[in-house]
Amino acid sequence: MRLGINLGYWGAGMDGDNLAVAQEADRLGYDVCWAAEAYGSDAPTVLSWVAAQTETIDVGSAIMQIPARQPTMTAMTAATLDSLSGGRFRLGLGVSGPQVSEGWYGVKFDKPLARTREYVEIVRKAMARERLTHEGEHWTLPLPGGPGKPIKLTVHPQREHIPLYIAAIGPKNLEQTGEIADGALLIFPSAEHLEETALRHIRAGREKAGLTMDGFDVCPTLPLALGDDVTGLADMFRPYTALYVGGMGSRKQNFYNQLAQRMGYEKEAAEIQDKYLAGDKAGAAAAVPHQLIDQTALLGSVDRIADRMQAYAAAGVTTLTLAPAGFTLDERIAALRAGTEALERAGLVD
């Protein structure tokens, strides 16, 4: 099992710290460094800056939002980053959510599965430097009846095939991801529930495409916090978990809340959402079960974290992406180093 690092969203006064974290991950042999975007910093700019100041670590978007860019613009960006980084770019895509898609980008959040499939098809054609034609429900290239003509990408990516990941949560999205992508970006993954909530759906998609799980990257992101007081460490992530389970999306359309329900927390997920949407964020955080946090984060001593890493590897994870917690750079670096030490103690180093 390989390790990744997720820098999250850029900014919040942590710009220099994030670069130092990425450089230390590079030195420690981490496999990939991911950056996110929502409605603040964009991922490609961050990744280009990190790639320019690291040596071997891959850089990946987790995610570039589908409603933010035309698929051909995404292909251009991916090809450019792959070329500039010396073949170290990984393209992670996702539809975002209805609030961001419609409120920030002005793009209707409808038919996300069909839109994703079509988007990926165009991106793959463009990155393969084919003369681009496409007739679909959401995009038609070239536009009919005008001066447009089929053209191809002029930039040559470093590699013939840039790995393409999709952020997936729901069963149908997971199945489609297995069918059309090279990897899945997962959030709030529990080793105990991974087969039921994710892998069986991904496997079904692979089988539909005539493929096996060989070469498919199962890539969840987990917070990591180092220390002896597991309960206290878990409490650090109560607001984070409450935000996603309770406030990320509408009452009817919250993918993270639905995931918590599929993990067996139906009653708790409903309570968290009720309190969060009523404005009681503290109450929502207090309602998050300790077990839910402990199952979806790496908490405690290096030995305890190593045991959890073994569980994730046994469940089928191939790249475990860490989000090291800490109020200072030294704390985050210590957590980063603990990740590599735990991987070695778990016997999971190639």
Side-chain angles (χ1 to χ4, degrees), residues 6 8 36 38 94-100 112 167-175 184-202 218-300 304-305 307-309 311-312 314-317 320-325:
N6 196 317
V95 292
S96 188
Q99 284 76 14
V100 174
I169 301 175
K172 292 181 179 179
N173 192 7
L174 286 160
E175 182 173 328
L185 300 171
L186 308 177
I187 191 170
F188 288 114
S190 163
E192 293 75 15
H193 298 93
L194 197 65
E195 174 63 29
E196 176 188 352
T197 60
L199 287 182
R200 68 186 181 97
H201 304 296
I202 295 171
V218 179
C219 185
T221 293
L222 288 93
L224 183 150
L226 191 63
D228 297 324
D229 181 7
V230 173
T231 299
L233 294 173
D235 288 343
M236 291 171 50
F237 298 109
R238 286 186 176 279
Y240 165 80
T241 307
L243 167 64
Y244 278 84
V245 175
M248 195 67 77
S250 64
R251 182 176 296 277
K252 293 183 179 180
Q253 210 166 24
N254 183 324
F255 308 121
Y256 309 98
N257 188 280
Q258 293 163 11
L259 174 61
Q261 292 182 47
R262 292 198 300 275
M263 291 168 59
Y265 297 98
E266 296 91 344
K267 180 180 177 181
E268 294 88 346
E271 181 182 359
I272 294 166
Q273 186 177 64
D274 286 343
K275 290 184 176 180
Y276 202 99
L277 295 181
D280 183 9
K281 295 182 180 179
V288 176
H290 168 82
Q291 186 178 14
L292 174 59
I293 302 172
D294 196 23
Q295 287 182 334
T296 56
L298 298 174
L299 308 173
R304 190 175 193 271
I305 292 169
D307 288 342
R308 294 298 294 158
M309 284 184 173
Y312 279 101
V317 171
L320 190 66
T321 298
L322 309 180

Rounded distance (nearest 0.5 Å) linking atom [atom1] of [X] with atom [atom2] of [Y]:
X	Y	atom1	atom2	result
Ser190	Gln291	OG	CD	8.5 Å
Ile305	Leu320	CD1	CG	10.5 Å
Thr241	Glu268	OG1	CD	13.0 Å
Glu266	Gln261	CD	CD	6.5 Å
Gln253	Gln99	CD	CD	7.5 Å
Ile272	Leu292	CD1	CG	6.5 Å

Are the side chains of [Y] and [X] in contact, using a 4.5 Å heavy-atom criterion?
X	Y	result
Val317	Pro220	yes
Ile187	Thr221	no
Pro171	Arg262	yes
His290	Val230	yes

Exercise: identify the closest heavy-atom pair between [X] and [Y]:
X	Y	result
Asp294	Arg304	OD2-NH2, 2.8 Å
Thr321	Cys219	OG1-SG, 3.3 Å
Ala285	Pro239	CB-N, 4.1 Å
Ile202	Ala184	CD1-CB, 3.9 Å
Leu186	Ala198	CD1-CB, 4.2 Å
Ala315	Ala191	CB-O, 3.7 Å

Practice problem: Determine, step by step, whether Val245 and Val288 satisfy the side chain to side chain contact (heavy atoms under 4.5 Å, CB included) criterion, reporting the C-alpha distance in whole Å, the side-chain angles of both residues, the deciding distance to 0.1 Å, and the verdict. | Solution: CA-CA 9 Å; Val245 175; Val288 176; over 6 Å; no
Quiz item: Given the rule in the salt bridge (charged side-chain N to carboxylate O under 4.0 Å, His left out) test, do Glu271 and Lys275 qualify, once you have shown the distances and angles that lead to the verdict?
Solution: CA-CA 6 Å; Glu271 181 182 359; Lys275 290 184 176 180; 3.1 Å; yes
Exam field: side chain [X] to backbone [Y], donor-acceptor pair closer than 3.5 Å:
X	Y	value
Tyr312	Pro189	yes
Asn257	Gly246	no
His193	Met263	yes

Practice problem: Might you work through the salt bridge (charged side-chain N to carboxylate O under 4.0 Å, His left out) test for Arg238 and Asp235, ending with a clear yes or no? | Solution: CA-CA 5 Å; Arg238 286 186 176 279; Asp235 288 343; 2.8 Å; yes
Quiz prompt | Arg200 with Glu196: basic N within carboxylate O range, under 4.0 Å | solution = no
Quiz item: Does a side-chain N-to-carboxylate-O contact under 4.0 Å join Glu192 and Arg308?
Solution: yes
Practice problem: Test Phe188 against every option in Phe255, Tyr265, Tyr240 by the ring-ring contact (aromatic ring centres under 6.0 Å, His included) rule and name the one that passes. | Solution: Tyr240
Quiz item: With sequence neighbours excluded, what pairs up with Tyr276 under the ring pair (Phe, Tyr, Trp, His ring centres under 6.0 Å) test?
Solution: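 Once residues adjacent in sequence are excluded, Tyr276 has no partner under the ring pair (Phe, Tyr, Trp, His ring centres under 6.0 Å) criterion.
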